[in-house]
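Have a look at the structure below, then the notes.
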Amino acid sequence: MELSKGYEPKAAEKKWYQFWLDRNLFSPEFTPEHAPKREKTFTIVIPPPNVTGLLHQGHALSYTIEDVLVRWKRMSGFKTLWLPGKDHAGIATQNVVEKELSNEGTDRHKLGREKFEERVWQWVKQYSSRIEEQLRAFGCSVDWNRDRFTLDEGLSTAVREVFVALYEEGLIYRGEYLVNWCPRCHTAVSDLEVDHENRSSFLWEIKYPLVKNSGEFLTVATTRPETMLGDTALAVHPDDKRYKGFIGKNVLLPLLNRPIPVIADEYVDKEFGAGCLKITPGHDPNDFQIGTRHKLPIISVMSHDGTMNENAGPYKGLDRFKCREKIVEDLKRLDLLGEIKPHILSVGLCQRCSTIIEPTISTQWFMKMESLAKPAIKAVKNGDIKILPSNWEKIYFNWMENIQDWCISRQLWWGHRIPAWYCEECEKITVARSSVKKCPECQSTSLKQDPDVLDTWFSSALWPFSTLGWPKKTKDLEEFYPTSVMETGYDIIFFWVARMIMMGLKFTGKIPFSYVYLHGMVRDEKGQKMSKSKGNVIDPLDSINEFGADALRFTLISLGGPGKDLKLSNERIQGYRYFLNKIWNAARFLHMNLEGFDPKRHPQPRRSPQPKAWGAGVSTGRSPTLVSLAGDDYKCEGSLADKWIRSRYNQVIESVTKALEEFRLNDAADQLYHFTWHEFCDWYLELSKLSLQGSPESRMVTQKTFFEVYEGTLRLLHPIIPFITEEIWQSLPQREGISISVATFPIPEPKAIDKNALTDMSHIQTVTNAIRTIRGEHRIPPATRLSVSISAPTAVLKLFEKEEAGIIMLARLKELKLKSELAPIPHSATDAFGEVEIQIPLEGVINFDEEKKRLEKEIKKCESDLSRAEAKLSSEKFMKGAPTEIIEQEKGRQTELSETLQKLNRALKRVIG
RNA sequence: AGGGAGUUAGCUCAGUUGGUAGAGCAACGCCUUUACACGGCGUGGGUCGCAGGUUCGAGUCCUGUACUCCCUACCA
């Protein structure tokens with residue numbers, strides 16, 4: 001099959017994804033023909049995207065990383081499962097659907113709960129299929145047969161099971177506490193769902209007159225005057241001499257004229273403001289605690305929509321911020337307002353709608369976290385779970401060791417309904433796994449289920465095992481749990497990762513995953529967060545449309561290291577698109593030179609290097625190729641270039657594999673980029689042109705080497721760029737109908753690494769580069785063929801003699817004269833390194849000034865290097881302290897530099913004349 | 001306030017156990033050489049934030065310091 005002039009991603013991507021699907025290659029049940037039983041498993045459950053909307057670059061990054069790992073493991077002989085799914089995303093989804101309703105002039109209350117839920121399911125259906133399309137566009141090799149949704153029946157069973165079990169154990173409780181209340185979403189949210197933002201505001205001083213001592217008053221400072229309506233005390237520090245006499249007395253709450261006590265509490269900071277604090281247990285977390293300590297009454301002055309309630313007296317019905325203005329005005333009028341100072345305070349905002357959170361007294365369900373956190377801390381401390389990058393382990397500990405109880409109930413309609421029923425007659429609460437019809441206490445049948453739902457993250461916490469069938473003892477659970485890697489963004493380590501670890505340990509007795517890989521945030525080219533309002537969003541589908549999925553994937557992998565934010569731009573993606581083109585064109589070159597090549601003539605290696613890995617050498621079923629580059633079956637080793645590229649190829653397999661094993665995906669990508677482009681294409685492909693035109697035997701060996709190294713490189717690249725590698729792979733002989741995605745990931749063959757070939761090739765490269773530099777600096781066009789003389793020690797001369805044709809081609813020479821010593825030629829350019837000297841006669845072409853400048857520069861560099869080496873060697877300290885190998889190295893350097901210097905000086909003399 | 005991270009070439013970043021500073025992009029110069037101009041070849045560019053210390057030797061280890069960023073918590 002021939003390849004077109006340029007790679008066309010669009011058609012190829014669609015075609016090959018369908019090809020993979022048709023063959024069910026991503027299901028762990030798939031076993032290639034003739035493949036031995038696979039014993040090792042590798043599992044990733046996808047961080048489920050919210051059904052709220054479409055996927056962004058953060059998802060693209062996450063899922064590309066996961067796909068690379070999964071494809072690599074699948075190719076390496078693991079029974080591999082990547083389980084896809086979606087999250088119902090309670091509050092987020094409810095909000096978008098409510099917004100839609102509001103645009104239609106209605107709301108959920110008019111619709112009623114049942115109709116509303118139907119409406120959300122419609123939304124879910126629509127977005128689910130679009131999200132699935134996106135995952136396919138990214139190239140994700142997920143097993144669609146195991147697709148899950150957090151509201152699936154199975155997962156809902158798991159949620160109820162966990163809730164009931166924790167309730168029965170006393171770890172879930174219900175009670176009236178101060179919670180974060182969003183007056184717009186009309187629900188409680190957990191501490192983690194509150195974002196903090198610094199805003200400039202004021203600090204108002206308010207005077208509280210003493211009840212029985214006219215004229216005297218206490219002054220407090222507050223950032224929230226409106227909450228004074230709910231004050232139930234003033235507090236001072238017990239040691240504060242200024243206020244000793246006031247403790248136990250009453251002051252009059254202005255505006256409402258309610259007497260409230262002055263209490264003493266050590267929480268009060270004597271230095272801040274006037275050292276006197278108003279206590280509003282109904283609207284401030286610290287005041288709530290102080291209030292509890294002193295058994296103060298709790299007065300809530302606001303309704304759930306953020307307006308003042310009946311406890312606010314004359315202010316009833318006012319919005320909380322309007323009320324603040326009014327109160328300040330009124331206090332001023334009564335002369336009870338003191339100083340007003342500018343003040344920066346951090347306000348809590350609802351993560352979902354940015355409304356200012358109102359701490360509010362409310363009856364909610366909570367989960368006790370401390371006992372759950374302990375084993376989860378241990379699991380990371382003892383290394384059962386490794387978090388990458390590892391510094392996040394400290395952050396994890398820091399949070400886990402100070403963990404607070406988790407408010408898990410939400411006043412929403414979209415989510416897992418809390419499995420608690422209230423008897424309307426005896427008020428007994430029954431928590432049960434299935435619907436309760438009769439009160440177990442009084443046998444009444446008038447029962448009402450708790451209207452609230454659970455925090456979305458509650459079901460997410462169970463994701464690694466609920467998706468595999470838990471609480472049922474399924475085959476999947478047995479086979480794929482614990483999972484291997486949890487790959488997700490560092491922004492949800494507390495929301496999700498920590499909770500999965502706690503729940504996994506609690507309910508399965510096992511860690512949910514061995515590794516946590518945290519990726520960074522995808523930002524725009526300036527490092528700013530992508531957001532619709534800034535207009536700097538790059539839609540992954542647009543990137544794919546413009547450059548292809550592979551280009552985007554390679555970019556994300558190259559730029560994104562563990563825990564590191566990455567700056568994405570179209571220019572970057574474009575750059576990697578060029579790389580794909582390079583790969584493509586190398587394939588075209590291969591095709592043009594395949595004539596007479598028959599892969600069948602090249603037998604399998606007699607021994608598979610790792611017989612236990614499935615399909616080593618035979619993973620493609622009937623395909624007889626994919627031979628290892630072992631020395632055994634090499635009757636003819638080929639040219640230096642052949643030996644060199646084989647050596648390099650095997651070194652690259654080794655280091656790429658190591659990088660992947662250590663989750664350094666960007667390193668793996670960089671190495672492959674460099675190897676493919678700057679070694680394989682720049683040097684080997686060029687040199688292959690010679691041997692391909694040489695003797696039939698040399699042609700055959702080079703064809704074989706080229707084919708095998710190139711084909712193997714495709715397999716190395718496939719996890720990162722699955723589409724183009726499949727497209728090219730399918731075009732190669734003997735590949736039709738078989739997929740590279742289930743071919744063996746290359747296994748290094750140490751015997752194929754030829755140290756001599758590596759050294760020899762580096763000599764060829766050094767000489768070639770030196771000639772090219774001279775050519776470049778003298779601006780001699782490539783069309784001008786040069787005649788070059790080289791002198792060198794005998795062994796090196798012999799090498800150059802053998803590889804003469806290669807040097808002539810690469811450096812574009814007319815002839816290469818090899819001598820043991822060079823006679824001075826007046827009009828010539830010279831370069832030297834150690835004992836090797838290069839001389840290029842340039843009569844008529846040479847620019848003497850240029851050559852003089854060039855030589856002087858080189859001499860200067862050489863001299864400074866040499867003097868540094870000499871200084872070291874003559875330093876007594878160095879000679880005494882440094883290890884002998886370093887001293888030897890330095891001596892060698894000195895010798896080489898002085899030889900070079902000598903030759904360069906001679907050349908300079910000639911130029912000056 | 002507590003915790004974490006960063007500061008290396010114009011930009012984005014590598015620099016694994018201390019042994020003469022690297023890549024990609026951008027810039028500049030030469031070139032349509034038959035895989036590729038989405039290309040080839042070459043060049044310029046850094047006192048590695050600052051100050052000390054350990055060491056024969058520090059971008060790399062230690063201490064201090066400046067600035068930047070992130071997370072958690074939040075003093076009214």
Side-chain angles (χ1 to χ4, degrees), chain A residues 3 5-7 191-192 196 203 220-224 227 235 267-269 271-280 284-287 343 345-346 348 389 391-392 394-395 397-399 402 404 490-491 493-494 520-521 525 527 547 558-559 561 563-567 569 571-572 574-593 658 662 664 666-667 670 673-674 678 681-682 685-686 689 768-769 772-784 809-812 864-865 868-869 872 875-883 885-887 889-890 893 897:
Chain A
L3 295 178
K5 178 117 201 278
Y7 171 57
D191 295 343
L192 280 176
H196 295 274
L203 199 59
V220 303
T222 179
T223 55
R224 304 198 52 199
T227 63
Y267 172 80
V268 182
D269 180 354
E271 311 302 321
F272 191 94
C276 183
L277 179 62
K278 69 194 244 338
I279 304 299
T280 322
D284 181 278
N286 291 311
D287 293 5
H343 184 78
L345 82 159
S346 107
N391 63 290
W392 278 92
K394 291 182 199 163
I395 297 169
F397 294 137
N398 194 255
W399 189 74
N402 298 296
Q404 302 292 310
Y490 62 68
D491 53 334
I493 184 169
F494 307 134
M521 303 295 116
E525 69 254 69
F547 306 106
S558 285
L559 301 184
K564 289 232 145 158
D565 289 0
L566 65 95
K567 293 170 188 162
S569 68
E571 287 72 29
R572 286 300 196 135
Q574 170 99 298
Y576 290 110
R577 173 70 182 86
Y578 294 161
F579 174 57
L580 301 184
N581 200 248
K582 194 75 183 172
I583 297 171
W584 183 259
N585 281 299
R588 293 182 65 221
F589 178 86
L590 173 60
H591 273 284
M592 291 166 77
N593 290 285
K658 187 156 182 274
E662 291 167 3
R664 291 178 287 112
N666 52 335
D667 271 4
D670 287 350
Y673 180 95
H674 185 266
H678 299 300
C681 289
D682 287 353
L685 187 148
E686 290 305 322
K689 290 174 181 173
T768 306
N769 287 337
R772 282 171 170 175
T773 301
I774 290 173
R775 182 191 281 280
E777 300 216 326
H778 284 287
R779 295 191 183 77
I780 301 163
T784 311
M809 185 185 67
L810 294 170
R812 306 191 63 78
S864 84
D865 286 355
R868 203 167 0 158
K872 267 191 187 175
S875 150
E876 208 176 304
K877 278 195 200 162
F878 178 78
M879 296 303 282
K880 239 167 56 187
E885 64 209 72
I886 295 294
I887 294 175
Q889 186 186 310
E890 210 60 37
R893 187 178 295 152
L897 284 169

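Below, chains carry the letters A, B, ... as their sequence lines are ordered, and counting in each starts from 1.
Nucleic acid contact for A:His674: none, since no nucleic acid atom lies under 4.0 Å from a heavy atom of the residue. Here A:Arg572 lies in heavy-atom contact (under 4.0 Å) with a base.
Taking every heavy atom of both residues into account, A:Phe547 and A:Arg577 meet most closely at O-CD, 3.1 Å.
With values rounded to the nearest 0.5 angstrom, A:Lys689 atom NZ is found 9.5 Å from A:Leu810 atom CG. Put simply, CD1 on A:Ile493 and CH2 on A:Trp392 are 6.0 Å apart, with the number rounded to the nearest 0.5 Å. Atom-to-atom distance recorded for A:Glu885:CD and A:Ile887:CD1 is 10.0 Å, nearest 0.5 angstrom. A:Ser558 OG to A:Tyr576 OH: the interatomic distance, rounded to the nearest 0.5 Å, is 3.5 Å. Interatomic distance, OG1 of A:Thr227 versus NZ of A:Lys278, reported as 3.0 Å (0.5 Å rounding). Interatomic distance, A:Met879 CE to A:Ile886 CD1, rounded to the nearest 0.5 Å: 12.5 Å.
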Polar-atom pairs under 3.5 Å, protein N or O versus N or O of nucleotides 58-60 of chain B: list them with distances, or write none.
none

Strictly under 3.5 Å: I want the nitrogen or oxygen pairs between protein and nucleotides 68-71 of chain B, one per line.
none

Kindly give the atom pairs (protein nitrogen or oxygen, nucleotide nitrogen or oxygen) under 3.5 Å for nucleotides 42-48 of chain B.
from   : atom 1 : to       : atom 2 : distance (Å)
B:rG42 : OP1    : A:Asn769 : OD1    : 3.4
B:rG44 : OP1    : A:Lys857 : NZ     : 3.0

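Contact between the side-chain N/O atoms of A:His343 and the OP1/OP2 oxygens of B:rC75 is not found at any separation under 4.0 Å.
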Quiz item: How does protein contact run along nucleotides 33-39 of chain B, one letter per nucleotide 5' to 3', with B for base contact, S for sugar-phosphate only, - for none, heavy atoms under 4.0 Å?
Solution: B-BB-BS

Quiz item: Can you give one letter per nucleotide of nucleotides 13-18 of chain B, 5' to 3': B if a protein heavy atom sits under 4.0 Å from the base, S if only from the sugar-phosphate, - if neither?
Solution: SS----

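Donor-acceptor pairing under 3.5 Å is lacking for the side chains of A:Asp670 and A:Asn666. One side chain, A:Tyr490 or A:Asp565, offers a donor N or O that lies under 3.5 Å from an acceptor on the other.
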Quiz item: Can you give the dot-bracket line for RNA chain B, where a pair is Watson-Crick or G-U wobble with both atom distances under 3.5 Å, crossing pairs use [ ], and | marks a partner on another strand?
Solution: (((((((..((((.....[..)))).(((((.......))))).....(((((..]....))))))))))))....

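The base of B:rC56 does not come close enough to the side chain of A:Ser875 for any donor and acceptor atom to sit less than 3.5 Å apart.
When each of A:Leu897 and A:Cys276 is assigned the nucleotide of RNA chain B bearing its nearest heavy atom, the one mapping closer to the 5' terminus is A:Leu897. In this structure, A:Pro781 and A:Tyr576 both approach RNA chain B, and ranking their closest nucleotides by distance from the 5' end singles out A:Tyr576.
Although no hydrogens or angles enter the test, the distance criterion places a donor-acceptor pair under 3.5 Å between the side chain of A:Asn585 and the main chain of A:Asn581.
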